[in-house]
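For reference, the structure is listed below as structure tokens.
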Amino acid sequence: MDVIELFPRLHLLRFPVGQAYLWHDDGELTLVDAGPPGSGAPIAEAVTALGMHPRDVRRIVLTHFHEDHAGGAAEFAVLSGAEVLVHRLDAPFVRGEAPGPQPVFEEWERPLHEQAVRLLPAGDVIRPREVTEVSDGDVLDLGGGARIVHVPGHTHGSIALHLPRHGVLFTGDTVAASPVDGAVMPGVFNLDRAQVLAACLRLAGLDPDVACFGHGAPVTAQAGRALRRSAHGWPA
Ligand SMILES: [Zn+2]
Ligand SMILES: [Zn+2]
């Protein structure tokens, strides 16, 4: 796992598949997404390397239930005591009460998905004992007030997390940056592509400076523009 400082308050954690972020408030941390299964211990090591203690991580906000984002949540919750938060529509899948719905694949997405699945560790995912369900408009006590933005489409319970005071937006997989050229586009492996485009527009309307994606390099200035372009759709 790679740890990259984006800003003094914001670190990117990069896994073989997917990414998570650590947000620093004074004396406490928030983890946004938790990587694939097996990520709990590496995240704890990263927190320690930053001079903090895993117990300083108060909460883990999951942008959606997919394994490359939620897979490490229970492991890290055990190590840190952090609360796990997820949208109520994705909560049953994070708790393991039911298998999450499979994406509606475009033909061109299938080989990409097979590739991603091969990079995920085999075996059962450890499930968090408790999750806190969140809804659109909820405000969390971090970053001077962080708003939950419900953006269904990638999954029914996908959320973005908006920190207006810092101009920072965590998009989850609703938006992604191309690993090839960094172009910002809607995410792949969705349940409803029309909803994803509407979500991109809604997120563009928040006009953040910084956008942190579930996959691909974050945009660290004038991110609202890049988000508006993403709402035009997937590259042909
Ligand atoms: Zn993902
Ligand atoms: Zn996803």
Side-chain angles (χ1 to χ4, degrees), residues 1-24 29-36 39 42-43 46-47 49-50 60-64 66-72 108-109 111-113 115-120 143 146 149 151 153-154 158-164 166-190 196-197 199-236:
M1 186 190 76
D2 297 325
V3 181
I4 297 152
E5 180 177 315
L6 300 172
F7 295 97
R9 285 187 184 276
L10 181 58
H11 284 77
L12 163 65
L13 310 181
R14 195 186 279 148
F15 306 99
V17 188
Q19 302 176 152
Y21 297 88
L22 266 176
W23 175 262
H24 306 231
L29 299 171
T30 296
L31 181 66
V32 180
D33 285 333
S39 301
I43 294 171
V47 169
L50 294 172
I60 306 165
V61 181
L62 298 177
T63 59
H64 63 298
H66 284 161
E67 203 176 303
D68 52 330
H69 300 258
W108 59 267
E109 290 178 325
L112 290 177
H113 190 254
Q115 205 178 7
V117 167
R118 274 198 298 274
L119 290 171
L120 288 174
V149 186
V151 278
H154 181 67
S158 281
I159 56 167
L161 186 66
H162 185 212
L163 282 57
H166 297 276
V168 173
L169 180 70
F170 300 94
T171 69
D173 280 357
T174 298
V175 190
S178 160
V180 180
D181 59 4
V184 177
M185 61 178 83
V188 293
F189 315 152
N190 302 302
V196 168
L197 293 181
C200 289
L201 258 190
R202 182 170 177 205
L203 296 181
L206 301 174
D207 202 25
D209 300 316
V210 177
C212 297
F213 311 122
H215 302 265
V219 174
T220 54
Q222 298 188 316
R225 274 199 214 171
L227 293 174
R228 266 187 293 281
R229 282 196 298 274
S230 79
H232 296 157
W234 293 261

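We number each residue from 1, following the sequence as shown. Here the structure is a predicted model, which means the values were calculated and not measured.
When all heavy atoms of Gly214 and Thr171 are compared, the closest pair comes out as N-OG1, 4.4 Å. Of all the heavy atoms in Gly182 and Ala177, the pair that sits closest is O-CB, 3.9 Å. Counting all heavy atoms, side chain and backbone alike, Ser39 lies closest to Gly72 at CB-CA, 4.4 Å.
Considering OG1 of Thr30 and CZ of Phe170, their distance stands at 8.5 Å, rounded to 0.5 Å. Between the CH2 atom of Trp23 and the SG atom of Cys212 there is a distance of 8.5 Å, given to the nearest 0.5 Å. Considering CG of Leu22 and CG of Leu10, their distance stands at 8.5 Å, rounded to 0.5 Å. The structure places OG of Ser230 at 8.0 Å from CG of Leu197, a figure rounded to the nearest 0.5 Å. Note that CZ of Phe213 and OG1 of Thr174 are 11.0 Å apart. Values are rounded to the nearest 0.5 Å.
For the pair Leu227 and Arg225, the minimum side-chain heavy-atom distance is 4.5 Å or more. Residues Val168 and His162 have side chains not in contact (no heavy-atom distance under 4.5 Å, counting atoms from C-beta outward). No side-chain heavy atom of Leu119 sits less than 4.5 Å from a side-chain heavy atom of Phe15. With a 4.5 Å cut-off on side-chain heavy atoms, Phe7 and Thr220 count as touching. Side-chain contact between Val47 and Leu29 is present, with heavy atoms from C-beta onward closer than 4.5 Å. Between Val196 and Ser158 the shortest side-chain heavy-atom distance does not fall below 4.5 Å. Residues Leu203 and Val151 have side chains in contact (heavy-atom distance under 4.5 Å, counting atoms from C-beta outward). Proximity of Val149 to Leu161: side-chain heavy atoms (C-beta onward) are nowhere separated by under 4.5 Å.
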Using side chain to side chain donor-acceptor pair (under 3.5 Å), reason through Asp209 and His166 one step at a time and then give a plain yes or no.
CA-CA 8 Å; Asp209 300 316; His166 297 276; over 6 Å; no
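Note on ring orientation: taking the six-membered ring where Trp is involved, the planes of His11 and His24 are tilted (angle from 30° to 60°). Taking the six-membered ring for Trp and thresholds of 30 and 60 degrees, His64 and His69 have ring planes inclined between 30 and 60 degrees apart.
A donor-acceptor pair under 3.5 Å is absent between the side-chain atoms of Asp33 and the main chain of Gly35, judged by distance alone. A donor-acceptor pair is defined here as one N or O able to donate and one able to accept, closer than 3.5 Å; such a pair exists between the side chain of Trp234 and the backbone of Gly187.
Not counting sequence neighbours, the partners of Arg14 by the side chain to side chain contact (heavy atoms under 4.5 Å, CB included) test are Asp2, Ile4, Leu12, Gln19.
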